[in-house]
Amino acid sequence: MNSIEWLGDSVRFLDQTELPLREFYCETPDLSILNDAIVKLKVRGAPLLGICAAYGLLLGIRSARLSSVKIFEQCFESSAQSISATRPTAKNLFWAVERMRKILRLNIHETSSVLFEKLEDEALAIHNEDRHMCELIGKFGSELIPSGAKILTHCNTGALATGGIGTAFGVLLTAHRNEKNIQVYADETRPLLQGARLTMWELMNAGIPATLITDNSAAWTIKTKRIDLIITGADRITANGDSANKIGTYNLAVLAKAHNIPFYIAAPTSTIDISIAHGDSITIEERGAEEIVNGFGRQVAPNDTKVFAPAFDVTPNELITAIITEQGVLRPPYGRSIESTVAQ
Ligand code: MRU
């Protein structure tokens, strides 16, 4: 399954809002349609948003291939601006735009059609590298998983959210493939149910023994089912290790501490943002009230209910046992381990 694919002149993506009921693919040559798909979470997950951003830029500059370099550059910048305005929290999206911009700058003396080819190569490299990073995260993370472990996870971090086998999900999948005999408990992940709709779908497709729980039963599940560890992904990790991830992740980290079990984050280094010192400075996306009050076609609160709907929260670094990246497992103090990893 490819969550997203570059087809030369268009992008094809799996519309994740249709899962688990049907596997429906959209194909579009139009950047505004891809941007809208990002806003509506048809495509989602931090690493996948980086890949989307790179392919989105190609859609935006495609028509300027035969124009002057000045027009090509203007097209690039206006596309970058529109992509950057879709969702604010995942670092990967901005990381990919910056990586593409660097290629543009390095080759600015070339013709527009050569520039397009170089940018196309870069976008494909971003996608391929993500595939490879997921494998490495899976390998390093799996080494931390004891045999027979019962593991709690949150949101969706699998093939749907990345260019490969996933981050936290990649760890679960690798542990399963290594016959560690794991059992996974997946939070449904209110309000948009990425855990129920997407992670359960991926877990069951992979044949990993899995049980769905409601978010508010996490503490009781940890206690009564004797959960051994918790693992989630991340959307942005700051220089001190504070980690933004799907709303509800912070709750789990607090619960892990209360129950004295490890809490792991798995993410590629493209999620790390060393320009931000700590989590208080991360921009947290807020979603509309409609997704809570009228989420899946049924009104569940009175008309005009006032709603606070942050899409992410920030887990303070002191609650994180380790951060699993493609470059290895980072341990506290994160200021130091992150600095030496990102500086490489
Ligand atoms: O709002 P979403 O579905 O894009 O949020 C996704 C998450 O929070 C994931 O846990 C995170 O991006 C890591 S994906 C490997």
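Order of appearance sets the numbers: ligands from 1, and atoms from 1 within every ligand.
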Quick check on Ala311 - does any of its heavy atoms sit under 4.0 Å from an atom of ligand 1? no

Asp235 near ligand 1, heavy-atom distance under 4.0 Å? yes

Are Lys246 and Phe312 in a cation-pi setup, meaning NZ or CZ lies under 6.0 angstrom from the ring centre and within 45 degrees of the ring axis? yes

Are the charged groups of Lys42 and Glu18 less than 4.0 angstrom apart, N to O? no

Glu285: heavy atom below 4.0 Å from ligand 1, yes or no? no

Could you tell me if any non-hydrogen atom of Phe169 lies under 4.0 Å from any atom of ligand 1? no

Which pair of non-hydrogen atoms, one from Lys91 and one from Ser270, has the smallest distance, and what is that distance? CG-O, 3.4 Å

Distance alone, cut at 3.5 Å: any donor-acceptor contact between the side chains of Thr199 and Asn156? yes

Atom 5 (O) of ligand 1: nearest protein contact (heavy atom, Å): Lys246 CE, 3.3 Å

Is there a heavy atom of Leu48 sitting under 4.0 angstrom from any atom of ligand 1? no

Looking only at protein heavy atoms, which one is nearest to atom 15 (C) of ligand 1, and how far off is it? Thr167 OG1, 3.0 Å

Can you tell which of Cys155, Ala234, Ala159 gets a heavy atom nearest to atom 13 (C) of ligand 1? Ala234

